[in-house]
Protein chains: 2
Amino acid sequence: MSDQADPPIGIPRKTVPPKTEEEVLARALDLAGQTLGSVARSHFMRVPESTTRSKGWAGQLLERALGATAGSKAAPDFEQIGVEMKSLPVDRLGTPLESTYVCTVPLDGAAGGPWEESWVCKKLSRVLWVPILSERSVPIGERLIGTPFLWSPSVAENTTLQQDWEMLMDMILQGEIGRINGKLGDALHIRPKAAKASDKKWTLGQEGEWVQANPRGFYLRASFTRGVLHSQLALPSSSSSLHQ
Amino acid sequence: MSDQADPPIGIPRKTVPPKTEEEVLARALDLAGQTLGSVARSHFMRVPESTTRSKGWAGQLLERALGATAGSKAAPDFEQIGVEMKSLPVDRLGTPLESTYVCTVPLDGAAGGPWEESWVCKKLSRVLWVPILSERSVPIGERLIGTPFLWSPSVAENTTLQQDWEMLMDMILQGEIGRINGKLGDALHIRPKAAKASDKKWTLGQEGEWVQANPRGFYLRASFTRGVLHSQLALPSSSSSLHQ
DNA sequence: GAGGATCCATGCGTGGATCCTG
DNA sequence: CAGGATCCACGCATGGATCCTC
């Protein structure tokens, strides 16, 4: 039933994966200052009318433009070099507009193990942040890509993340998932992650019995990513805003 | 990227599920004598040029035409009434041209349990067979649908199936899957079932260690389905061919 | 001719996130 | 305005079988 014509031969749908951190950063820097619509046209992608029904569109566009291994499971966006790419919606002052999704919360038995081996820690160990000026008043195709940068958690950031993660995972292992809500955690918290609130997955209850619960995800609070952005602003040049 | 127009409003893509065995049989009888192409046009489905690259097409066409719960998992085609539909390619003499796929072979730990609770037994407990005159020389769209009938295994058939199944499942539980091939089993046998021979799934080896093996499926031999068809021919009228 | 190899459609889970009330 | 709810893309597994060599 799908008789759509293929795109013209010789026009690639995807970019070849980058081989080094420097390469992926250079590519991302090339995108800075461009609009999402401009990048989309370069890659023959349609621009949606609104993000309401295309929430992941900007992130997926950047994945293509940068040569990420699209849609691959349980692996960083750029597998070969261990880098995770995250788009970050910001306002004109550079303040994050939303929390940042990290990964799914393991509700099954495979929840054990130390922080260092957790999927949260691994995903956040090396991140290419790509800010996008995403004020609601600006049509999606006209939104500007900001200056990207590579980041790893500072010692202090890592400690905060680890403490939040351990507190939350302890509750899950104790079967107290029913008591978890979005208020817990300073930097990292847990919120629902599903197509419908009625979606359920099996998980372990307080007495070790199997119960059903809403699928959840780990998210970084906007207050945390704000700190990430601001520490970055102080770095690049000697004429930092801190000196003014 | 899929901007295909929907079909005209008011024309359903699928038939409503039947509520009784009589109803699904009556619908199937309505299809008898029609060509696959004719049924396809009634349901706005395209007819493939050959079955080489559309092997499941006839079965999926019949599912739609009869109102099966298409593509649903781990459930009979007609969930509400516990009936499984099977298309059966036959030559002009009514002899089956192929073996009949039943279900996937469980290679993981969940292989235990008695015959009565096996997925093979459940799927075969009530089957709507729909013969299709499928000689290779006849173009797909012109192939004729034969007279369908409801069937349950006779005591003798059930015994044969159970013996084959127990022999094969014993081998799997003993970790001897590497020794299983298509030669084993009188009525029911095991053959590969994958997109590529290189596809692998995890399974239990002889010493209880995890090893990889090709995914497999249970199939009914054509000699078995021939018997099913011939016993059916003897039933409907008193002037059976057995009397001639 | 039969056993091993292969092909398409479709549901579902995961990864990409933002929406939207109280 | 933050926490709960929701939406799209796409890979992968499963269910539909027949192809194609020895």
Side-chain angles (χ1 to χ4, degrees), chain A residues 1-2 48 50-64 68-75 77 84-89 97-104 123 132 134 136 140 181-184 189-199 201 214-217 219 221-223, chain B residues 1-2 48 50-64 68-75 77 84-89 97-104 123 132 134 136 140 181-184 189-199 201 214-217 219 221-223:
Chain A
M1 309 284 269
S2 77
S50 101
T51 51
T52 302
R53 298 207 167 258
S54 302
K55 301 184 181 177
W57 182 79
Q60 285 158 349
L61 170 63
L62 292 176
E63 284 186 340
R64 290 211 180 193
T69 316
S72 81
K73 270 184 192 172
D77 292 322
E84 173 80 11
M85 190 274 292
K86 286 289 174 198
S87 66
L88 186 59
L97 292 166
E98 289 284 353
S99 56
T100 301
Y101 171 70
V102 181
C103 60
T104 299
K123 275 212 163 186
I132 300 176
S134 298
R136 303 285 289 274
I140 192 166
N181 61 39
K183 297 180 183 63
L184 301 172
H189 67 158
I190 287 180
R191 299 216 310 284
K193 174 79 164 76
K196 304 288 296 177
S198 54
D199 290 356
K201 293 195 70 157
N214 207 323
R216 320 289 177 103
Y219 294 79
R221 289 185 187 276
S223 57
Chain B
M1 307 286 267
S2 78
S50 100
T51 51
T52 303
R53 297 205 167 260
S54 302
K55 300 184 181 176
W57 183 78
Q60 287 159 347
L61 171 63
L62 291 177
E63 285 186 339
R64 290 211 180 193
T69 317
S72 82
K73 270 185 192 171
D77 292 321
E84 173 80 11
M85 190 273 293
K86 286 290 176 197
S87 66
L88 186 59
L97 292 165
E98 289 284 353
S99 57
T100 301
Y101 171 71
V102 180
C103 60
T104 299
K123 274 212 163 183
I132 300 176
S134 299
R136 303 285 289 273
I140 289 192
N181 61 38
K183 298 181 184 63
L184 301 172
H189 68 158
I190 287 180
R191 297 216 310 284
K193 174 78 165 73
K196 304 290 295 179
S198 54
D199 290 356
K201 292 196 70 158
N214 206 324
R216 321 288 178 103
Y219 294 80
R221 289 185 187 277
S223 58

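Lettering follows sequence order; numbering is per chain, from 1.
Distances shown here put a side-chain N or O of A/T104 below 4.0 Å from the OP1 or OP2 atom of C/dG15. The shortest distance between the side-chain N/O atoms of A/S134 and the OP1/OP2 oxygens of C/dT18 is not below 4.0 Å. In this model, the phosphate group of D/dT14 is approached by a side-chain N or O of B/K201 to a distance below 4.0 Å at OP1 or OP2. At D/dA17, none of the side-chain N or O atoms of B/S99 fall inside 4.0 Å of OP1 or OP2 (strictly under the cut-off).
Look at CD on A/E63: it is 12 Å from C1' on C/dT14, rounded to the nearest Å. Taking atom CZ of B/R136 as the reference point, atom C1' of D/dT21 lies 12 Å away to the nearest angstrom. The NZ atom of A/K183 sits 11 Å away from the C1' atom of C/dG22 (whole-angstrom rounding). Atoms CZ (A/R53) and P (D/dT6) sit 12 Å apart, rounded to a whole Å. In this entry the distance linking CD1 of B/I132 with P of D/dG16 reads 14 Å, nearest Å. Rounded to whole Å, atom C1' of D/dC22 lies 15 Å from atom CZ of B/R191. Here the C1' atom of nucleotide C/dA2 and the NE2 atom of B/H189 are 8 Å apart, to the nearest Å. Distance CG (A/L184) to C1' (D/dA2): 13 Å, rounded to an integer number of Å.
Contact annotation for B/A222: no contact, since no heavy-atom pair falls under 4.0 Å across all strands. Heavy atoms of B/A58 sit nowhere under 4.0 angstrom from any nucleic acid atom. Using a 4.0 Å heavy-atom distance criterion, B/G56 is classed as a base contact.
Picking from D/dT14, C/dT18, C/dG4 the nucleotide with the shortest atom distance to the side chain of A/P89 gives C/dT18. Of the candidate nucleotides D/dG15, C/dC8, C/dG16, C/dG16 has the atom lying nearest to any side-chain atom of A/K86. Between C/dA5, C/dG15, C/dC7, one nucleotide has an atom nearer to the side chain of B/K196 than all others, and that is C/dC7. With C/dA17, D/dT18, C/dC7 as the choices, the nucleotide that has an atom nearest any side-chain atom of A/K55 turns out to be C/dA17. Comparing D/dC8, C/dA5, D/dG16 by their closest approach to the side chain of B/P192 singles out C/dA5. Comparing C/dA5, D/dC7, D/dA17 by their closest approach to the side chain of A/K193 singles out D/dC7.
Judged by distance alone, with hydrogens and angles left aside, B/R216 brings no side-chain donor or acceptor close enough to the base of D/dT14 to form a pair under 3.5 Å. For a distance-only test at 3.5 Å, the side chain of A/Q60 fails to qualify as a donor-acceptor partner of the base of D/dC10. Side-chain to base pairing of A/Y219 with C/dA17: one donor and one acceptor N or O lie within less than 3.5 Å of each other.
At a threshold of 4.5 Å between non-hydrogen side-chain atoms, the residues A/T104 and A/P215 do not count as touching. A 4.5 Å side-chain heavy-atom check between A/S99 and A/R191 finds at least one atom pair inside the cut-off.
To the nearest 0.5 Å, atoms CG (A/L88) and CD1 (A/I132) are separated by 8.5 Å.
Side chain of A/K183 to backbone of A/H189: no donor-acceptor contact under 3.5 angstrom is found. Using a distance-only test at 3.5 Å, with no hydrogens or angles considered, no donor-acceptor pair links the side chain of A/Y219 to the main chain of A/A222.
With sequence neighbours excluded, the residues that form a side chain to side chain contact (heavy atoms under 4.5 Å, CB included) with B/S223 are B/R221, B/R226.
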